[in-house]
Amino acid sequence: MADIDFNALAPEEKQQLLALMRMKKKAPRDLDVQNGGLLDLDAHDGDLLGNLSPMGQQQQGRQQQAVAAQQAAAAAPQEYPEDPEKIRVVVRKRPINKKEREKGEDDIVDVNMERSFVVVNETKLKVDLTKYLEKHQFNFDESLDESVSNEDVYQVTIGPLIHTLFKNGKASCFAYGQTGSGKTYTMQPLPIRAAADILNFLAKPQFRDIFLHVSCFEIYGNKTFDLLNSRKRLNILEDGKRQVCVVGLKEYNVEEVGIVKQLIESANQQRSVGTTAANSDSSRSHSIMQFALKTGSDKLVGKLSFIDLAGSERGADTSDNNRQTRLEGAEINKSLLALKECIRALDSDARHVPFRGSKLTAVLRDSFLGDQARTVMIANISPTNVSVEHTLNTLRYADRVKELRKDKAERAPGGVTPGNNPAYHAAVERAHQPDGAMAGAAGARDRSPLRDVKMNRVRPPTPPPIEQPQGINKVNAAPISGDLEYDDDEEMSRHEDLMDTILEEEEQLITAHRMQIEETMDVVRREMALLTEVDQPGSMIDKYVEKLEMILNQKMEKIVDLKGKLGRFKDHLKEEELMSKTLGPAGARKW
Ligand code: ADP
Ligand code: MG
């Protein structure tokens with residue numbers, strides 16, 4: 001690692017490197033001759049975002065649209081592997097921006113695209129307050145630096161999956177990372193580009209009976225809203241065949257790429273702005289755009305989902321002062337955890353996929369099942385020192401997502417992947433030392449992707465590091481000990497469980513209330529009939545009394561039942577409120 005100078009490459013050399021990297025990793029293909037053998041990395045960003053005609057204005061037939069789609073897609077080489085990997089984890093570093101530069105922030109992330117690893121250079125302080133550099137290395141399927149265009153991201157993520165969609169494939173692509181790391185920037189152009197490729201396929205005679213349907217919805221807290229239908233509240237139900245359905249979701253039949261762009265823009269406008277505090281952003285919700293390929297008789301052929309996840313740092317809002325914010329944080333934490341587990345299950349071909357763990361994973365259930373399920377995780381990271389904790393957290397999460405594919409012996413302590421670095425082996429040695437510090441840290445991570453950072457926050461000052469060759473290469477190796485932290489961890493665990501209970505109870509309470517209203521309406525009809533009956537000449541008063549009593553008892557039973565649910569829910573809310581205060585100052589766990 002030390003022999004590689006990351007910053008020595010000029011932009012053209014980087015482009016050349018990317019081109020070579022692709023040639024090395026995938027089937028050989030022609031370089032772009034117009035650019036003298038170099039790929040123009042930005043050539044297609046404009047295609048994805050260019051001016052397109054308003055929805056419905058162009059009434060061209062599918063064949064004509066396909067020509068346009070072919071042109072858009074033809075620019076990019078498309079020799080993909082026949083059977084793409086089940087899981088791909090790609091990291092993308094965004095460029096440092098003007099504001100960050102002006103504030104004097106440093107770019108601390110080095111990306112080696114050729115060997116596909118990322119190094120985070122973290123400055124730390126020894127107890128004598130002298131600075132030292134801790135290097136954290138992570139390997140991924142692809143590591144993309146700030147020079148990489150959206151078209152290139154498409155080529156290494158969704159592009160290879162398009163043809164599997166036509167073979168009953170279910171593919172999903174997630175953008176994970178802290179708010180501001182580039183999730184939306186990365187995710188938004190992908191459906192436009194994918195639509196171009198898909199429509200290209202659909203123009204072929206053998207796919208004439210297949211249609212592209214597009215829908216878009218948002219999961220906010222534990223509620224789901226249709227982003228293409230005035231944010232209509234949607235219900236998620238499991239049908240008799242154990243298929244999870246988003247009931248009432250609006251789907252658009254799309255025959256031209258421009259419409260997808262319009263739909264994205266329209267969904268953007270409707271994406272949630274929270275009702276609490278000053279969160280005028282989309283960081284608290286997961287937004288999901290789905291492409292369903294269906295036959296004319298509505299049979300599903302393939303499905304592609306693009307998921308722009310809630311900001312990963314939002315999971316830590318569970319210690320916020322505001323209850324609503326805490327509940328949203330808990331739901332985000334839960335869904336990111338469940339997502340990781342579902343993807344890991346996919347990797348290990350596990351029989352049980354824990355999709356019930358959250359609304360997000362429940363909705364994506366069919367994308368985690370079957371031979372043709374494919375997942376791409378794009379971990380977005382910010383480049384500067386200010387974001388170092390989030391960046392490390394994101395990289396650890398992404399590393400865990402695909403950890404199972406690695407040989408056990410190759411697995412690194414705390415998410416560090418080795419490469420050929422002797423420092424890695426030194427870290428492994430340390431991990432096996434009797435204090436078991438690293439094992440403890442890794443164990444904590446199993447429970448929550450956010451726990452690392454939480455733990456870091458309550459940790460006493462890190463002891464001075466032991467001298468190591470070629471810079472230190474370890475993650476989260478600081479010893480964690482002492483009853484205080486153990487108790488704190490236990491307490492957090494209990495708090496997480498309670499949050500889970502509350503989220504479930506909230507849903508049950510609202511469902512029960514809704515059912516009760518429906519039943520009440522039915523009872524009111526019966527009461528009206530009873531009154532009409534008793535008003536008739538010669539009616540039997542005894543019968544009336546008996547029936548009325550029965551109705552009132554039924555009403556009372558239902559009310560007592562609902563009140564019981566409400567009472568338990570209130571108790572849990574109160575308990576949670578108290579617990580959140582004993583967890584320490586909110587600021588201590590926020591980052
Ligand atoms: P997120 O969705 O993760 O909160 P955004 O996608 O909104 O983050 O990105 C934050 C800002 O950074 C936006 O202004 C976006 O245009 C910019 N940005 C993100 N990634 C890149 C990139 N790869 N190249 C250029 N600008 C980027
Ligand atoms: Mg965003």
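Start at 1 and go down the list; that is how both ligands and their atoms are numbered.
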What about Lys183: any of its N or O atoms under 3.5 Å from an N or O on ligand 1?
yes
Closest non-hydrogen protein atom to atom 10 (C) of ligand 1, residue and atom name please, with distance?
Gly180 O, 3.7 Å
Report the nearest protein non-hydrogen atom to atom 23 (N) of ligand 1: residue, atom name, distance rounded to 0.1 Å.
Tyr185 CE2, 3.4 Å
What is the closest protein heavy atom to atom 2 (O) of ligand 1, and at what distance does it sit?
Thr184 OG1, 2.8 Å
Numbered atoms and elements of ligand 1 in range of Thr179, under 4.0 angstrom, heavy atoms:
4 (O)
Has Met187 got an N, O or S atom lying less than 2.8 Å from the Mg ion (ligand 2)?
no
So Asn121 and Asn385, do their side chains get closer than 4.5 Å, heavy atoms only?
no
Would you confirm whether the ring centroid of Phe140 sits within less than 6.0 angstrom of the ring centroid of Phe117?
no
Could you tell me whether Pro95 and ligand 1 have an N or O pair separated by under 3.5 Å?
no
Salt bridge (Lys or Arg N to Asp or Glu O under 4.0 Å) with Asp141: of Lys86, Lys402, Arg92, only one passes, and it is Lys402
Side-chain donor or acceptor of Asn112 paired with backbone N/O of Arg115 under 3.5 Å
yes
OH/Tyr154 to CG/Leu190 distance, rounded to the nearest 0.5 angstrom?
8.5 Å
Number the atoms of ligand 1 from 1 as they appear, then name those within less than 4.0 Å of a heavy atom of Arg92, with their elements.
23 (N)
Checking the N or O distance criterion of under 3.5 Å, is ligand 1 in contact with Asp308?
no
Is the closest N or O pair between Arg94 and ligand 1 shorter than 3.5 Å?
no
What orientation do Phe291 and Phe306 show, parallel under 30°, tilted 30 to 60°, or perpendicular over 60°?
perpendicular
Close-contact set for ligand 1 against Gln178 heavy atoms, below 4.0 Å:
3 (O)
Measure the spacing between CG of Asn333 and CD of Glu331 and express it to the nearest 0.5 Å.
10.0 Å
Look at atom 8 (O) of ligand 1 and say which protein heavy atom is nearest, naming residue and atom and giving the distance to 0.1 Å.
Gly182 N, 3.1 Å
Do the side chain of Gln137 and the main chain of Val119 share a donor and acceptor less than 3.5 angstrom apart?
no
Backbone of Thr375 reached by a side-chain donor or acceptor of Ser172 within 3.5 Å:
no
Would atom 14 (O) of ligand 1 count as contacted, meaning some protein heavy atom under 4.0 Å?
no
